[in-house]
Amino acid sequence: MAAYPFIAIEKKWQDYWEAHQTFRTPETPDPDKPKAYILDMFPYPSGAGLHVGHPEGYTATDILARYKRMQGVEVLHPMGWDAFGLPAEQYAIKTGTHPRKTTRRNIDNFRRQLKQLGFSYDWQREINTTDPDYYKWTQWIFLKLHEKGLAYQAEIPVWWCPALGTVLANEEVIDGKSERGGHPCVRRPLRQWMLRITAYADRLLEGLDDLDWPESTKQEQRNWIGRSEGANIEFPVDGLEGETIQVYTTRPDTIFGATYMVLAPEHALVSEVTTPDQQEAVEQYQQEAAQKSELERTELQKDKSGVFTGGYAINPATEERIPIYVADYVLASYGTGAIMAVPAHDGRDYEFAKRYDLEIRPVVEGGNVRQEAFTGEGPHINSANDDVSLNGLGVEEANERIIAWLEAHGHGEGHVNYKLRDWLFSRQRYWGEPFPVVFVDGEAQPLPEDALPVTLPELDTYEPGDSPAGPLAEVKDWVHTIDPETGKPAQRETNTMPQWAGSCWYYLRFIDPHNDEQLVDPEKEKYWMPVDMYVGGREHAVLHLLYARFWHKVLYDVGVVSTREPFQRLVHQGLILGETEYTRYLRADGTPVSADQVHAGIDTRTGEPVRARTVDPRHVTKEGDSYVLSDDRSIRVDARAHKMSKSRGNVVNPDDVIKTYGADSLRLYEMFMGPLEQVKPWSTSGVDGVHRFLNRVWRLLVDEESDALRAAAAEPSKEQLRALHLLIQKVTEDIEGLRFNTAIAAMMEFINKAYKWDAVPQAVAEPFVLLLGPFAPHIAEELWQRLGHEESLTYASWPVFEEQYLQHDEVEIAVQVNGKVRGTVAVAPDAPKDEVLAAARADENVARYLADATVQREIYVPGRIVNFVANGSA
RNA sequence: GCGAAAGUGGCGGAAUUGGUAGACGCGCUGGAUUUAGGAUCCAGUGGGCUAACACCCGUGGGGGUUCGAGUCCCCCCUUUCGCACCA
C-alpha cells in the first residue's frame, strides 16, 4: 500500500489557501478581539535556498499562529526578506549579474520553498529591504537619528578588509579576520558614519529586565553593554608641566597601592613620556604590538610583556613618583587606554609586577600578596595621606570617600564606563541603503524628507576599488548633484548602510507595509505592537537584537512607536545538526588508531597525522561510555553529530524531504525531534516515523480501497471521550508551553489507541483533526473536508476539553513497602483512605512483605501512592 | 580562566508541586499477511537472574535530606554554548 496521497493533497490546499487568501490579516482588525503578533526572524535569501534549520522556527511560529486563529485571536504572521548584503554583491563582481537580479531570483526560490511548507503567512504583507519603497523609510529613520544628534561622522581606526573592499564593524571581525569569508583585515583610520548607541546604553540595559527572553540572551546583552562604575583619575606626568594621564578604574579605593602605570601601546602620550634612552625599545615594542593580531594578543595573555618608558607619573594620593610602562595587556579601546596598576589587588598587574620586579603594596587587608593578588574584600590599610584616610573602611565606603576626595581636589571624578562602543554604520559597498546625505562645501547635509528615497544608481562594474570610497564613488553623475535646500553643487555620500539597518525596524513595516505617507500608521502600531512572539537563531542574540532595540527606543522618543521594547517574548530555536557520524582513524600505513589516542587529527603518541574515515553505524558497538568497532573492540571510534555544511556533505535539503515524505511530515518531524530550543541531530529514519504516523491517521479515517470516509455516526463511548479530552488538554497545554514534541507524541498515542476501536465516531474524529491542524495542516484540511465541512479549518473553533470526561472510574495506585513498589491496586478515585489501605494490604505480594513486619507508618497520597513503612519485613 | 545550560536504554527524547523511570518515535526481535520484496497489522524490547512468578541492579560519579530522589542539598567529572587581559 502506497503512502497517503500527500503530493496531491498538499498542492490542493496550498492552491486553496492562495485562492481564498485564507491567511490574510484584515487591514482593520477587530479592536475588541485579542491579538497576537507572531514573528519569525526574516531570512537573508541566499543562493543556496532554505536549509532544514529554517523550517524549524518557522513551523513553531506557524503552529502558534494557526492555533491562535482557531481561538478567535487576530493574528499577524508575516514574512519578508533581509536582502541587502555581501553575497549578492560578490556574485555580481564575479559574474556581472546585477545584485537586484540575483536577489529577486533567490527570493522567488525562498518564497516557493516556504509556500511548499504550507506556512500561513499573509503574503500580502511581504516586504523586501532592498525595495526603494521600503528603504525610503530606513533612510527616513537615519534622518531622525541625524536630527537627534545620534548619527555623526568620525575619523576613527576601523577594520578595513582589502579582500572584501570594505570596512567592517568590530563585531564582524573575529581574530583579525572577516566573519564572512575569513579574509584578513587591518586597522586603518577612515571617516565613517557612527551611531551613538552608547547614549542609550543605560536604557538598553534597564529595558531587558521586563522582557520575557531567555536569561542567557539577556546576560549576553548585559555583558556586551558592559556597564561598570568607577572613576576617571588624572595622574600628572612628572616633569611635563600640565600633562596628565587619565586612567579609568573600578577600584579607585586602591589608589594608595598604585605603584606604577601602564599605557596601551597605541596611547597618544607614549611618545611624550618616553625618555630618549628608552625610545628605541618602546618604539620596537609598539611595532610588535601593532603587528600582533587580536588573537595573538589574547592567546599570549599568560605572558605579560611590556617596556619601561623611562617616564614617571605622580600618584595624586601618595604624591610618589611611579614608573610608566607600555604594555599590550592594556587595551587602547577600553576605558582611557591607560591604567593605574595596583599589583597587590589585581591579577594582571600582579603578574606584570612580578615579571618586572615592581613594588607590590597591599592596601586591603586579607590574602597573601607574596603569593598572589588579593581581589577579595577587606578593611583598607596603608591608605592615608595628610588629607584623607581610607584605613579601616570596606570597599564601598572607601570608594565613596576617595571619589569625593578626588573630585574635591580636581584629581578626577566618579565615572560610569561601558564596553559598548558607538556603532560603525557605514560600508563601502554598492548593495546597501544609500545615505540620505549630501556634502556641500565638504559639510554633510541631510536631505529633506521629500527627497527620499535616494535610490541606487546603475553601475558599470561592481569591482571594489583599492580606495575605501566604495563603488558608488565611480558613478560621477550620481555623486554630483544639487543640494535641494541651497541650490548649491553637492556630492552624495558614497558609503551605504550596513546590512543590519533594514532588519532594525522591519517588524514595524509588516504592520502597515503599503503606507507611503508614514512608516507605520499609529493606530495600527498601537494595536499590533509589541511583537508577542519572536523566534530566531541564537546567533542574533546581541547584534540584531541590540540594534533593533536601540532603533526602537529612538523611534519611541520620536513618537513613532508606543512601546519601549519591540519584542516582548523571544525564543531561539536550537540548531539542527547533521546525522550522527561515526569516525575511525587510520595511520598513513593503514593501521587503525583508537580514537582516544587522536587529538585534532594527530596521533598523540607519535605526533603523526591520521586519516579519518566514516564508519557505518552497524559496525559500531557501545562499550561502557564509548563506541568501538564491532570486529575490533580495542579500537574506539568518535561518535558525533556535526553542524551541517557543504564541505562535510551532510546538508539536508528540505525540497528532497518534501518530495519523499511531504511537507506535513517535514513539519511534524522538525517539531518531534525534541524541545524547540535544543540542539539536535537530524535523522532520516525519524522522518520516516512521523510519516508513518500520518499514514496511520489517514488510514484510520479513509478507507484504502474505496477512498471513502470511515468515520462512524455512532455515539462516542466513555472511553473514547476520555481519550479525546485528555488529548485536547495535553495538546492545548503543550502548544501554550511550546512543547510541540510531546504534543505530537500524545497524538500518536491517541491514534494507537484509536486503532483498537471498532470505529472512530465522527464526534471524536473531528476534534482530533482540528488538533492536528496546526501541525500538519494539509492532511488535516483534507480530512476536515472529507468529514463534511465546506470551509477551511483555519477559523474553526479550537476544541475545549471538559473536565467531566476526564474522570476515570478507577485509578491504579502503586503500593510500596519501605519505598519499593511491591504491587498496585485499582480503586475509585474518591475511595476513602481506609478502604485504599485495606485493598493495598490485601495485595498478594504486598501481604507477603508485611506478613512478619510491624507497620510503623502508612502514607497515602490520593490518586498516587501508598507506602507502608515497616520494620522486620522479609 | 569566568558565566550559563545540560548529562536518562543501541539512538532522538518523555516523566505536574519529590510519588509505579524509560511515554512517543527510531532501531532491533518474533509472529500474521504476501509468489517475492516492500508496505501493513499484532506482540516484545533498560541490564542481570529465571521455565515462570518473584527478586536484584539501574537516570555521569560520590555523599546527604526524605516514608519515598531522575527531580532537593553538598562535592567531583564530562560535554555544549557564550565571554575572554574590560582595569
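Note that this is a predicted model, so its numbers are computed, not measured. First the proteins, then the strands, lettered A, B, ... as listed; each starts at 1. All heavy atoms count here, side chains included; hydrogens, waters and symmetry mates do not.
Using the Watson-Crick or G-U wobble rule with both distances under 3.5 Å, B:G68 pairs with nothing in any strand shown. Using the Watson-Crick or G-U wobble rule with both distances under 3.5 Å, B:G1 pairs with B:C83. Pairing for B:U35 is absent, judged as Watson-Crick or G-U wobble with the two contacts each under 3.5 Å. Base pairing analysis places B:A43 opposite B:U29; the two distances defining the Watson-Crick or G-U wobble pair are each below 3.5 Å. Across all strands shown, B:U59 has no partner, as no Watson-Crick or G-U wobble contact with both distances under 3.5 Å is found. Using the Watson-Crick or G-U wobble rule with both distances under 3.5 Å, B:G7 pairs with B:C77.
A donor-acceptor pair shorter than 3.5 Å cannot be found between the side chains of A:N867 and A:Y860. With hydrogens and angles left out, the side-chain atoms of A:R692 and A:N695 include no donor and acceptor closer than 3.5 Å. There is no side-chain donor-acceptor pair under 3.5 Å between A:Y329 and A:R348.
A:Y627 comes within contact range of the sugar-phosphate backbone alone, with a heavy-atom separation under 4.0 Å but no base atom that close. Here A:N867 lies in heavy-atom contact (under 4.0 Å) with a base. A:V342 comes within contact range of no nucleotide atom at all, as no heavy-atom separation falls under 4.0 Å. Within the nucleic acid shown, A:P617 has no heavy atom closer than 4.0 Å to any nucleic acid atom. When heavy atoms are screened at a 4.0 angstrom cut-off, A:K622 is found touching the sugar-phosphate backbone but no base atom. Counting any heavy atom pair closer than 4.0 Å across all strands shown, A:N417 reaches no nucleic acid atom. Across all strands shown, A:Q678 has heavy atoms under 4.0 Å from sugar-phosphate atoms exclusively, and none from any base.
Across B:G18 and B:C28, the matching C1' atoms stand 35 Å from one another, rounded to whole Å. Spacing between B:A5 and B:C53 at atom P, rounded to whole Å, works out to 44 Å. When the C1' atom is used for both B:C75 and B:C81, the distance is 25 Å, rounded to whole Å. Remark: the separation of the C1' atoms in B:G13 and B:U66 is 29 Å, to the nearest Å. As rounded to the nearest Å, B:G64 and B:C55 have P atoms that lie 26 Å from one another. The gap from the P atom of B:C86 to that of B:C72 amounts to 34 Å, rounded to the nearest Å. Annotation: B:U40 and B:U33 have their C1' atoms spaced 8 Å apart (nearest Å). Of the C1' atoms belonging to B:A14 and B:U8, the separation is 10 Å, rounded to the nearest Å.
Listed nucleotides: B:A87, B:G13, B:G19. Nearest to the side chain of A:K680: B:G13. Distance from the side chain of A:M748 is smallest to B:G25 among B:G25, B:C26, B:C42. The side chain of A:E220 lies closest to B:G82 when the candidates are B:G82, B:C86, B:C41. Comparing B:C85, B:C42, B:C24 by their nearest atom to the side chain of A:R348 picks out B:C85. In this structure, the nucleotide among B:C24, B:A87, B:C67 sitting nearest to the side chain of A:A745 is B:C24. The side chain of A:T824 sits closest to B:U20 out of B:A87, B:A4, B:U20. The side chain of A:R692 lies closest to B:G27, out of B:G27, B:G13, B:C85. The nucleotide whose nearest atom lies closest to any side-chain atom of A:T249 is, among B:A15, B:A87, B:C67, B:A87. Considering only the side chain of A:F672, B:G25 comes nearest among B:G25, B:C42, B:U80. Distance from the side chain of A:D328 is smallest for B:C85 among the nucleotides B:C85, B:C24, B:A87.
Residue A:D758 qualifies as open at atom CG: its count of foreign heavy atoms under 6.0 Å is 12 or below. The number of heavy-atom neighbours closer than 6.0 Å to CD of A:E377, taken from other residues, nucleotides and ligands shown, is 12 or below.
Shown here, B:G18 is classed anti by the O4'-C1'-N9-C4 or O4'-C1'-N1-C2 angle, which is more than 90° from 0.
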Can you check nucleotides 52-56 of chain B for protein contacts, nitrogen or oxygen pairs under 3.5 Å, and list what you find?
unit_1: B:A54; atom_1: O2'; unit_2: A:R848; atom_2: NH2; d: 3.1
unit_1: B:C55; atom_1: OP1; unit_2: A:R822; atom_2: NH1; d: 3.2
unit_1: B:C55; atom_1: OP1; unit_2: A:N845; atom_2: ND2; d: 3.1
unit_1: B:C55; atom_1: OP1; unit_2: A:Y849; atom_2: OH; d: 3.2
unit_1: B:C56; atom_1: OP1; unit_2: A:R822; atom_2: NH2; d: 3.4
unit_1: B:C56; atom_1: OP2; unit_2: A:R822; atom_2: NH1; d: 3.1

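One atom, CZ of A:F693, and another, P of B:U40, lie 14 Å apart when rounded to the nearest Å. Rounding to whole angstrom units, NE2 of residue A:H691 and P of B:A39 are separated by 11 Å. In this structure, NZ of A:K419 is placed 13 Å from C1' of B:A87, rounded to the nearest angstrom. Atom CG of A:L726 and atom P of B:A14 are 20 Å apart (whole Å). Separating the CD1 atom of A:I865 from the C1' atom of B:A21 is a distance of 12 Å, rounded to the nearest angstrom. Atoms CG (A:L850) and P (B:C67) sit 18 Å apart, rounded to a whole Å. Taking atom CG of residue A:N741 and atom P of nucleotide B:G25, one finds them 14 Å apart after rounding to whole Å. At whole-Å resolution of the value, CZ in A:R864 and P in B:C67 are 20 Å apart.
Listed pair A:N223 / B:C2 fails the phosphate criterion, with no side-chain N or O lying under 4.0 Å from OP1 or OP2. Taking side-chain N and O atoms only, A:R222 has no distance below 4.0 Å to OP1 or OP2 of B:C83. Taking side-chain N and O atoms only, A:Y248 has no distance below 4.0 Å to OP1 or OP2 of B:A87.
The backbone N or O of A:I779 sits less than 3.5 Å from a side-chain atom of A:D664, completing a donor-acceptor pair.
A salt bridge does not link A:K680 with A:E670: none of the charged nitrogens is closer than 4.0 Å to a carboxylate oxygen. Salt bridge A:R227/A:D202: present, at least one basic N to carboxylate O contact under 4.0 Å. Looking at A:K730 and A:E749, no side-chain N of the basic residue comes within less than 4.0 Å of a carboxylate O on the acidic one, giving no salt bridge.
Side-chain atoms of A:Q816 and base atoms of B:U20 include no donor and acceptor less than 3.5 Å apart.
Two residues are said to be in side-chain contact when any heavy atoms from C-beta on lie closer than 4.5 Å; A:V815 and A:V821 fail this criterion.
Along RNA chain B, the nucleotide nearest to A:M673 and the one nearest to A:G686 differ in position, and the one closer to the 5' end is contacted by A:M673. Map A:G674 and A:G335 each onto its nearest nucleotide of RNA chain B; the residue landing nearer the 5' end is A:G674.
Ring pair A:H691/A:F6 is perpendicular by interplanar angle, where above 60° counts as perpendicular and below 30° as parallel.
Partner A:M340 forms a side chain to side chain contact (heavy atoms under 4.5 Å, CB included) with one of A:I245, A:T254, A:I322 and no other, that one being A:T254.
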